[in-house]
Amino acid sequence: MKISLRSIWNLIRNNWHLKLFSVVISIIVWFVIVQYVNPEDTRKLDNIRIEINTVDSIPVQEGLVLVTDYDETLSITYTAGRDVIAMLNAEKIKAYVDLSGATKSGEYDFPVKIDTGGQNITIVSQTVKFATLKYEKSISAQVKVDVLADGTVAEGYMKNEPVCVPSYINIEGPESKVSKIVAAEAVVPEKTFKETNVYSCEYRFVDEN
């Protein structure tokens, strides 16, 4: 008796029991391969941004403020089962700085930790293990606003001293920066004053020089 491939295909196509059986066998074979034939693999994941969450952190509770601009990424090498790798959600993997060691002003090498997002992977290595950050004591100050209105006055008019609202502003920040500020300077852009007017001006902080 001769059995051709076409006859076998027609038999499977017309018999839903065989279709279902074929699907079940495929799933079982896939499961066996994933679980027992080289079940783990090593992969690399790049461009994970290192997050610095200062909200409710130990430095903030101690009255410190971060003065270092930090925007870095890292790469990790990890191992996991092939079934886990196939379903891995890379966006759940986070890198963050453990700030718990900062209790006073100074420069620290904080450990960078990896949160796998509850996924069953093992971190083998990471390209950045420490983040160097500087903290300073946060202080407050009240700064006078100086108005620079250097424009000329039209003929027949008088120029009075400008009235600034508010005349003082409250600021807060790192001690090394706030202690140098002596005033907030606002410049009125008018070149020739012809009438009483109200101006909305930006200001900048200035030191004694």
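- No single ILVMFWY cluster, assembled from side-chain heavy atoms under 4.5 Å apart, contains both Val188 and Leu148.
- Counting only heavy atoms from C-beta outward, the side chains of Tyr96 and Asp115 approach each other to under 4.5 Å.
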key: From CA spacing to verdict: side-chain contact (heavy atoms from CB on, under 4.5 Å), Thr127, Thr77   = CA-CA 9 Å; Thr127 56; Thr77 301; over 6 Å; no

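- Scanning all heavy atoms of the two residues, the minimum distance from Asn47 to Ser75 falls at N-OG, 4.1 Å.
- Side chains of Val147 and Tyr199 form no contact here, defined as non-hydrogen atoms less than 4.5 Å apart.
- Between Val97 and Ile52, the closest side-chain pair of non-hydrogen atoms falls below 4.5 Å.
- Rounding to the nearest 0.5 angstrom, the gap separating the OG atom in Ser167 from the NZ atom in Lys144 is 7.5 Å.
- Here the side chain of Glu175 pairs no donor or acceptor atom with the backbone of Ser140 at under 3.5 angstrom.
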key: Stepwise side-chain contact (heavy atoms from CB on, under 4.5 Å) test for Phe110 and Tyr135   = CA-CA 12 Å; Phe110 295 105; Tyr135 272 91; 4.0 Å; yes

query = How far apart are the C-alpha atoms of Asp150 and Lys191, what are their side-chain angles, what is the distance that settles it, and do they pass the salt bridge (charged side-chain N to carboxylate O under 4.0 Å, His left out) test?
reply = CA-CA 7 Å; Asp150 294 332; Lys191 294 182 178 180; over 6 Å; no

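- Enclosure of atom CD in Gln61 by more than 12 non-hydrogen atoms of other residues, nucleotides or ligands within 6.0 angstrom is indicated.
- Listed here is the closest heavy atom pair of Met158 and Val153: N-CG1, 4.1 Å.
- Within 6.0 Å of the CD atom in Glu161, the count of heavy atoms belonging to other residues, nucleotides or ligands does not exceed 12.
- In this structure, the separation between CD1 on Ile93 and CD1 on Ile121 is 4.0 Å, given to the nearest 0.5 Å.
- Checking each of Thr73, Ile48, Leu74 against Val128 for a side-chain contact (heavy atoms from CB on, under 4.5 Å) leaves exactly one that passes, namely Leu74.
- For the pair Gln119 and Met87, the tightest heavy-atom approach, listed with the atom from each and the gap, is OE1-O, 4.5 Å.
- Leu45 CG to Ile76 CD1: the interatomic distance, rounded to the nearest 0.5 Å, is 5.0 Å.
- Rounded to the nearest 0.5 angstrom, Glu62 CD and Ser57 OG are separated by 10.0 Å.
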inquiry  = Using salt bridge (charged side-chain N to carboxylate O under 4.0 Å, His left out), reason through Asp207 and Lys180 one step at a time and then give a plain yes or no.
reply    = CA-CA 6 Å; Asp207 59 17; Lys180 295 179 180 179; over 6 Å; no

request  = Report the C-alpha distance between Tyr157 and Glu155 in whole Å, list the side-chain angles of each, state the deciding distance to 0.1 Å, and finish with yes or no for side-chain contact (heavy atoms from CB on, under 4.5 Å).
outcome  = CA-CA 6 Å; Tyr157 289 83; Glu155 187 176 351; over 6 Å; no

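- For Asp56, the CG atom is loosely surrounded, since the number of other residues' heavy atoms within 6.0 Å does not exceed 12.
- When all heavy atoms are compared, the tightest approach of Val182 to Glu208 is CG2-N, 3.8 Å.
- Distance alone, capped at 3.5 Å, is enough to place a donor-acceptor pair between the Lys159 side chain and the Ala149 backbone.
- Side-chain contact check for Cys201 versus Cys164: every heavy-atom pair is 4.5 Å or farther apart.
- The shortest distance between side-chain heavy atoms of Lys129 and Val112 does not fall below 4.5 Å.
- Between the side chain of Glu185 and the backbone N or O of Val206 there is no donor-acceptor pair closer than 3.5 Å.
- Of the inter-residue distances, the one linking Glu195 atom CD with Thr192 atom OG1 reads 12.0 Å to the nearest 0.5 angstrom.
- Contact check for Leu133 versus Leu66: side-chain heavy atoms found under the 4.5 Å cut-off.
- Taking every heavy atom of both residues into account, Asp146 and Ala183 meet most closely at OD2-CB, 3.4 Å.
- Side-chain contacts under 4.5 Å among hydrophobic residues (ILVMFWY), followed directly or transitively, place Val145 together with Ile139, Val143, Ile169, Ile171, Val178, Ile181, Tyr203, Phe205.
- Using a 4.5 Å cut-off on side-chain heavy atoms (C-beta onward), Phe193 and Thr152 make no contact.
- Among pairs with a residue in residues 101-112, those fulfilling side-chain hydrogen bond (donor to acceptor under 3.5 Å, both in side chains) read Asp109-Thr132, at least two apart in sequence or across chains.
- Each of Ile114, Thr122, Thr42, Ile85 was checked for a side-chain contact (heavy atoms from CB on, under 4.5 Å) with Tyr78, and the lone residue meeting it is Ile85.
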request  = Give the intermediate values and the outcome of side-chain contact (heavy atoms from CB on, under 4.5 Å) for residues Glu136 and Leu64.
outcome  = CA-CA 5 Å; Glu136 287 187 11; Leu64 303 176; over 6 Å; no

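- Between Asp41 atom CG and Arg82 atom CZ the span is 5.5 Å, to the nearest 0.5 Å.
- The closest donor-acceptor contact from the side chain of Thr68 to the backbone of Lys134 lies under 3.5 Å.
- No more than 12 heavy atoms of other residues, nucleotides or ligands shown are found within 6.0 angstrom of CG on Asn120.
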